[in-house]
*Asks:* 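The structure under discussion is supplied below as structure tokens; questions concerning it will follow.
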Amino acid sequence: MKRRKRTEILIQDDSNLAQDLASMILEKYECREVVMPQYGLTMIKMRESAKKSLFYMGEVLITEAKVEVQSCIGIGIIVGMEEKKARNMAIIDAAYQAGLPETESWEAELIEAEQRIIEKRLKHQADLSETKVDFETMDV
Amino acid sequence: MGYVAVKGGTKAIEASMKRVKYDRIKGEKVLDVHTIMSTMSAMVDQVMSESSLYSPFLAALSIKQAEGNMEEAVFLMRAHRSTLPRLYYSQALETKTMLVERRISASFKDIPGGQLLGSTVDYTHRLLDFNLVDESLEKNKRWLKDYETALQENVPSDHVHYYTKVVEYLREEGLFEEYALDNTDPVDITKESLHFPAPRSARLQVLTRGQTGAVTSLGYASLRGYGQVHPTVGEVRVGHVPIHVKHPNEIEDDAENDYYIGKIKITEVEAFVPVNIKNEDHEEELAFEIGYGVCYGQNETKAIAMSILDQCLEHPEYHFPTHDEEFVLLHIDSVESTGFISHLKLPHYVTFQSRLDSVRRVKKGRQ
Amino acid sequence: MHNTHFAFFDESSKKEIRRAILKAVAIPGYQVPFASREMPIARGWGTGGLQITLSIIGKPDVLKVIDQGADESVNAVSIKKLVHETTGVKLTDQTKDASIIQSRHRIPEVPLTKDQIIVLQVPEPEPLRKVEAKEYVTKKITCRKRI
């Protein structure tokens, strides 16, 4: 699974998946802390819809961590103050970078987590749709 | 230590700081930062937007420390921002990927996807609710339970819905000009000082972090006649937009290998503004342009006012201050304007003495 | 993780300000604008000068601050306090002992040596601002004068 998809799942997941996967790596491999979880900023680049040009909207607080596993460096970046999760994300990223066999077995779990996220989102949208204005009754 | 004890000011300053703390805690109530986060979201949003730093937790902390004083809270956030390293730049955010919480159009009744009111006070009647005086956690829990039970009847659809932008439908019809993606690197006014004429990217950056009141006032001034822009709101949308970051060292350009880092809540507005243009036969023709407004959090008034000012500044008009980019952009920043106004409180003993001396000399000369 | 960075700013911000200073020194008579950083002290309270001081200060420096002609005025005290708290450098009111002197309104009477730096604050760097409000215009006038 490519990075975009797996980070989308792991960051939005509210069970403890990132923690679980990272512990599997921590148990078996040596993980060297390259950058301890630190707070920093990410500048948001925005595409405006009037002329489709770019501008900087402002910064967002993030936590970043870097970890080395089997001579491969993984990065964890997450919005907010999330030291633990940033570090877990870095370990998982390193595991994928190093092509560790564990990562293959994660696929199913990640897809399951993705399904949970989608279901939650669908339910949220269904609830919101109560506030949709029905104009048809006005046309009568 | 070579610390030189200084006369006069030091003790008074320290005593005054103690006084600040005393005034904040003497009522013997403690407001939890998380309480601010969950019950004062509009204020948190406004602080994040004006300080140009997205972090609900830090915004809530700044509100607590500032005792609810907006300019002070924004000031604290901006100062904190200076201490943090900028580690990444995001990939361009596109609001078509927004998970919409609210989306309305004042231009069309039947927008595809419908008018989604979401959570809004627009249609509430502004009567003070005295029930809130005796609000209790227990009562709230019961209410939440009932509400959630009722929600259970809602049947989810089978796919996540992304709302197409109203303006895209109009572009398809050929009513609005279609622009190609413009990937010119934006100017960053936090890295280089603002110079004039300012590029569009700098203007939008200044507007989106402008003080809500200032942006609103100038937008309003333009509507009332001190400007030439009278828009119809094409679309207001509020919701969460995902942020992606490219790997710092990987060379290949594969979006699938970007990092998803989280999401932010924003308000985005497209205002449709009628303008006269010349067609190919040099005849006057009515067309529409789009004013663009966006800000952190849910702050629709500010985003709409920004869309008016964006359109104003796209068309400089000598007679109207709202169309003058130096006038607008140099006066709407909260930290700059409140800082400079408040500097008048600083001791100006020497400056003022020298003025007094001049006046005395002039008066003497006359006698 | 909540300790404030040495001299408040992150290092890349300091570097950018130092670049602007070098440019200003290299082009005599030319004012080099730099993007003002957000400060924990309000704008107009000496923050322009303070940004210069913070971007050049190092641990061995000794700082003197004058505001409205005095070392002990409330604002001078406040500026010194911020620099001291974020750097731990020594403070002095003796010109000869200082390696950096930040001043508003007054140039010290004691002649400075080449090892000393004076950071002189002015309320409005553009001398034409009183006659012309628009920066776009003053910049053009200043350019024309120089040619």
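Chain letters run A, B, ... following the sequence lines, proteins first and then strands; every chain starts at 1.
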*Asks:* Checking B/Asp188 against chain C: side chain, backbone, both or neither under 4.5 Å from a heavy atom?
*Replies:*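 Interface part for B/Asp188: neither.
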
*Asks:* Counting C-beta onward and ignoring hydrogens, is there a side-chain heavy-atom pair between C/Ile100 and C/Ile56 closer than 4.5 Å?
*Replies:*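 A side-chain contact exists here, since the closest heavy-atom pair is under 4.5 Å.
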
*Asks:* With a 4.5 Å cut-off on side-chain heavy atoms, are B/Thr208 and B/Leu204 touching?
*Replies:* no

*Asks:* Is there a side-chain hydrogen bond (donor to acceptor under 3.5 Å, both in side chains) between C/His5 and C/Glu11 once you walk through the steps?
*Replies:* CA-CA 9 Å; C/His5 192 72; C/Glu11 291 305 317; 3.0 Å; yes

*Asks:* Can you say whether C/Ala133 sits under 4.5 Å from chain B via the side chain, the backbone, both, or neither, judging by heavy atoms?
*Replies:* backbone

*Asks:* Under 4.5 Å from any heavy atom of chain B, what part of C/Phe9 do you find: side chain, backbone, both or neither?
*Replies:* both

*Asks:* Check whether B/Leu84 gets within reach of chain C through its side chain, its backbone, both or neither, counting any heavy atom under 4.5 Å.
*Replies:*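 Only the backbone of B/Leu84 comes within 4.5 Å of chain C.
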
*Asks:* Which of the residues B/Lys191, B/Gln353, B/Lys345 is involved in the greatest number of heavy-atom pairs with chain C at under 4.5 angstrom?
*Replies:*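 Greatest number of close heavy-atom pairs with chain C: B/Lys191.
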
*Asks:* Heavy-atom distances under 4.5 Å only: say whether B/Arg81 touches chain C with side chain, backbone, both or neither.
*Replies:*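 Just its side chain gets close to chain C.
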
*Asks:* Given a strict heavy-atom distance threshold of 4.5 Å, which part of B/Glu71 is in contact with chain C: side chain, backbone, both, or neither?
*Replies:* neither

*Asks:* Of C/Ile66, C/Leu120, C/Val65, C/Asp67, which meets side chain to side chain contact (heavy atoms under 4.5 Å, CB included) against C/Arg104?
*Replies:*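 With C/Arg104 as partner, side chain to side chain contact (heavy atoms under 4.5 Å, CB included) holds for just one option, C/Asp67.
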
*Asks:* Would the number of heavy atoms belonging to other residues, nucleotides or ligands and lying under 6.0 Å from OH of B/Tyr226 be above 12?
*Replies:*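 Check fails, neighbour count at 12 or below.
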
*Asks:* Using a 4.5 angstrom heavy-atom cutoff, name the option from B/Pro197, B/Ser193, B/Ser342 with the most pairs to chain C.
*Replies:* B/Ser193

*Asks:* Under 3.5 Å, is there a donor-acceptor pair between the C/Gln116 and C/Ser99 side chains?
*Replies:* no

*Asks:* Please classify the contact between C/Glu16 and chain B as side chain, backbone, both or neither, with a heavy-atom cut-off of under 4.5 Å.
*Replies:*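 The side chain, not the backbone.
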
*Asks:* Go through the atoms of B/Thr190 and report whether side chain, backbone, both or neither lie under 4.5 Å from a heavy atom of chain C.
*Replies:* backbone

*Asks:* Just wondering, do B/Glu50 and B/Val335 contact through their side chains at under 4.5 Å, heavy atoms?
*Replies:* no

*Asks:* Please state whether the side chain, the backbone, both or neither of B/Leu194 comes within less than 4.5 Å of a heavy atom of chain C.
*Replies:* backbone

*Asks:* Within 45 degrees of the ring normal and closer than 6.0 Å to the centroid, is that where the cationic atom of C/Lys59 sits relative to C/Phe6?
*Replies:*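 Yes, C/Lys59 lies over the aromatic ring of C/Phe6.
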
*Asks:* With a 4.5 angstrom heavy-atom cut-off, could you sort out which part of B/Glu326 is near chain C: side chain, backbone, both or neither?
*Replies:*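 Interface part for B/Glu326: side chain.
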
